[in-house]
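Please read all numbers here as calculations on a predicted model, not as lab measurements. Per chain, numbering begins at 1; letters A, B, ... match sequence-line order.
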Protein chains: 2
Amino acid sequence: MIDGTCQTFVSDCHVRAAVELINHTWDPVVLSALRAGPTRRNDLLGRIGGISDKVLTQTLHRLRTRGLVARLDRDGRVPGGRGAVYRLSPLGQSFAEGPLAQLAQWAAANQAALTGSSTPS
Amino acid sequence: MIDGTCQTFVSDCHVRAAVELINHTWDPVVLSALRAGPTRRNDLLGRIGGISDKVLTQTLHRLRTRGLVARLDRDGRVPGGRGAVYRLSPLGQSFAEGPLAQLAQWAAANQAALTGSSTPS
DNA sequence: GCCGGTTCCTACCGTTTGGTAGGAGACGCT
DNA sequence: AGCGTCTCCTACCAAACGGTAGGAACCGGC
């Protein structure tokens with residue numbers, strides 16, 4: 001996957017590795033949502049409008065498999081639920097606050113150009 | 001799409017906007033490949049192993065539509081071709097050298113954690 | 001003129017992804 | 001106990017994405 005083994009793609013294949021972490025539409029959203037701190041499933045469902053139940057489960061599962069998110073069973077035990085809480089792992093946090101935040105920052109700075117309002121020549 | 005209109009997603013929906021720029025498997029690869037400078041189609045096809053002709057066309061088209069890549073018809077006129085040359089637009093360059101490079105850098109620094117548990121160097 | 005390389009486009013197909021619907025099991029509250 | 005809430009799973013379906021195959025147009029070299 002490093003410079004040698006990555007002849008399938010371009011030499012910058014680190015990009016690929018990183019992009020594949022968030023290549024699933026909702027992955028970056030969930031990651032961003034979790035930056036606010038440990039969150040319960042249902043709260044995520046509410047905070048992230050538009051995501052379906054199944055997809056949130058899948059996304060959380062994928063993110064956990066990739067080591068970006070950890071699940072704390074019954075951490076804070078908020079009333080009214082089994083209290084499965086999801087939080088960013090150190091890796092996930094480093095990703096969310098590093099590249100992901102950079103991405104968001106760039107998009108915010110260039111939103112005018114992105115929305116297609118006026119692409120300067 | 002900005003802070004107000006983005007209730008469909010999380011408040012950080014700039015992330016979404018940015019990620020959608022590269023959400024198509026080959027987009028970041030092509031963008032990275034173009035960082036080396038204006039490149040002809042066929043050279044891209046060769047430099048990026050594994051991409052198919054159609055997908056390169058689509059990717060280039062999408063990237064142009066989004067204003068990240070520009071096509072210079074017959075710029076350098078290298079021998080043996082019609083000389084359609086692709087290069088990063090200012091926006092694309094800013095994206096490729098900013099967030100995309102950050103992404104690659106992060107992935108390179110965390111490749112050990114990403115690949116699972118392979119011994120780092 | 002013919003041939004070959006290059007740029008694109010158009011089918012068609014398989015896989016993946018996200019969405020909807022429905023249900024199972026666990027637990028707290030009344 | 002009965003009920004509602006929460007987690008999570010399994011179909012099934014539609015759309016999107018990538019890949020293959022084939023072909024059109026364009027241009028230079030022979």
Side-chain angles (χ1 to χ4, degrees), chain A residues 8-10 13 15-16 19-34 38-66 69-87, chain B residues 8-10 13 15-16 19-34 38-66 69-87:
Chain A
T8 329
F9 301 130
V10 93
C13 97
V15 179
R16 289 277 301 149
V19 166
E20 276 178 5
L21 289 177
I22 52 172
N23 214 2
H24 282 254
T25 307
W26 293 106
D27 289 8
V29 181
V30 170
L31 245 23
S32 292
L34 283 175
T39 315
R40 287 189 306 116
R41 228 189 123 74
N42 222 24
D43 292 344
L44 279 174
L45 222 40
R47 189 185 304 173
I48 306 172
I51 193 173
S52 68
D53 172 42
K54 189 201 73 167
V55 175
L56 178 59
T57 299
Q58 286 180 333
T59 304
L60 250 14
H61 202 78
R62 185 166 43 233
L63 258 22
R64 280 205 294 150
T65 301
R66 291 175 178 166
V69 166
R71 183 176 62 179
L72 313 178
D73 290 306
R74 43 181 59 220
D75 185 21
R77 299 305 306 281
V78 283
R82 244 92 21 259
V85 174
Y86 293 88
R87 51 165 295 175
Chain B
T8 330
F9 302 130
V10 92
C13 98
V15 179
R16 291 277 301 148
V19 166
E20 276 179 3
L21 289 176
I22 52 172
N23 214 0
H24 282 255
T25 308
W26 294 105
D27 290 7
V29 182
V30 171
L31 245 23
S32 293
L34 283 175
T39 313
R40 289 190 304 118
R41 232 189 118 74
N42 222 25
D43 291 345
L44 279 175
L45 222 41
R47 189 186 303 173
I48 307 172
I51 193 174
S52 69
D53 171 44
K54 189 201 75 169
V55 175
L56 179 58
T57 300
Q58 284 179 337
T59 304
L60 252 13
H61 202 79
R62 185 167 45 234
L63 259 20
R64 280 206 291 152
T65 301
R66 291 176 179 167
V69 165
R71 184 175 62 179
L72 312 178
D73 289 304
R74 45 181 59 219
D75 183 22
R77 298 309 304 282
V78 284
R82 241 94 21 262
V85 173
Y86 292 88
R87 52 164 293 177

Of the options [options], whose atoms approach the side-chain atoms of [X] most closely?
{"X": "A:Lys54", "options": "C:dT20, C:dT7, C:dA11", "value": "C:dT20"}
{"X": "A:Asp53", "options": "C:dG22, D:dC6, C:dC8", "value": "C:dG22"}
{"X": "B:Ala84", "options": "C:dC8, C:dT20, D:dG19", "value": "C:dC8"}
{"X": "A:Val55", "options": "C:dG19, D:dT7, D:dG19", "value": "C:dG19"}
{"X": "B:Thr25", "options": "D:dC17, C:dC9, C:dT7", "value": "D:dC17"}
{"X": "B:Trp26", "options": "C:dG18, D:dG19, D:dT7", "value": "D:dG19"}
{"X": "B:Arg71", "options": "D:dT20, D:dC6, C:dT7", "value": "C:dT7"}

In whole angstrom, what separates [X]'s [atom1] from [N]'s [atom2]?
{"X": "B:Arg40", "N": "C:dG5", "atom1": "CZ", "atom2": "P", "result": "13 Å"}
{"X": "B:Asn23", "N": "C:dG18", "atom1": "CG", "atom2": "C1'", "result": "12 Å"}
{"X": "A:Leu63", "N": "D:dC8", "atom1": "CG", "atom2": "P", "result": "14 Å"}
{"X": "A:Leu60", "N": "D:dC9", "atom1": "CG", "atom2": "C1'", "result": "14 Å"}
{"X": "B:Ile51", "N": "D:dC17", "atom1": "CD1", "atom2": "P", "result": "14 Å"}
{"X": "A:Arg41", "N": "C:dC27", "atom1": "CZ", "atom2": "C1'", "result": "16 Å"}
{"X": "B:Gln58", "N": "D:dT20", "atom1": "CD", "atom2": "C1'", "result": "12 Å"}
{"X": "B:Leu45", "N": "C:dC8", "atom1": "CG", "atom2": "C1'", "result": "12 Å"}

Is the phosphate of [N], meaning OP1 or OP2, less than 4.0 Å from a side-chain N or O of [X]?
{"X": "A:Asn42", "N": "D:dT5", "answer": "no"}
{"X": "B:Tyr86", "N": "C:dC8", "answer": "yes"}
{"X": "A:Thr57", "N": "D:dC8", "answer": "no"}

Taking the side chain as everything from C-beta on, heavy atoms only, tell me whether [X] gets closer than 4.5 Å to [Y].
{"X": "A:Val29", "Y": "A:Ile51", "answer": "no"}
{"X": "B:Leu72", "Y": "B:Arg87", "answer": "yes"}
{"X": "B:Leu63", "Y": "B:Val30", "answer": "yes"}

By side chain to side chain contact (heavy atoms under 4.5 Å, CB included), which residues pair with A:Thr25, not counting sequence neighbours?
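In terms of side chain to side chain contact (heavy atoms under 4.5 Å, CB included), with neighbours along the sequence ignored, A:Thr25 is linked to B:Arg16, B:Asn23.
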
Could you check whether A:His24 gets within reach of a base, just the sugar-phosphate, or nothing at all, counting any heavy atom under 4.0 Å?
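Sugar-phosphate, backbone atoms only, no base.
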
Check: A:Arg71 side chain, A:Leu60 main-chain N or O, donor-acceptor pair, under 3.5 Å
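Here the side-chain-to-backbone pair does not exist.
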
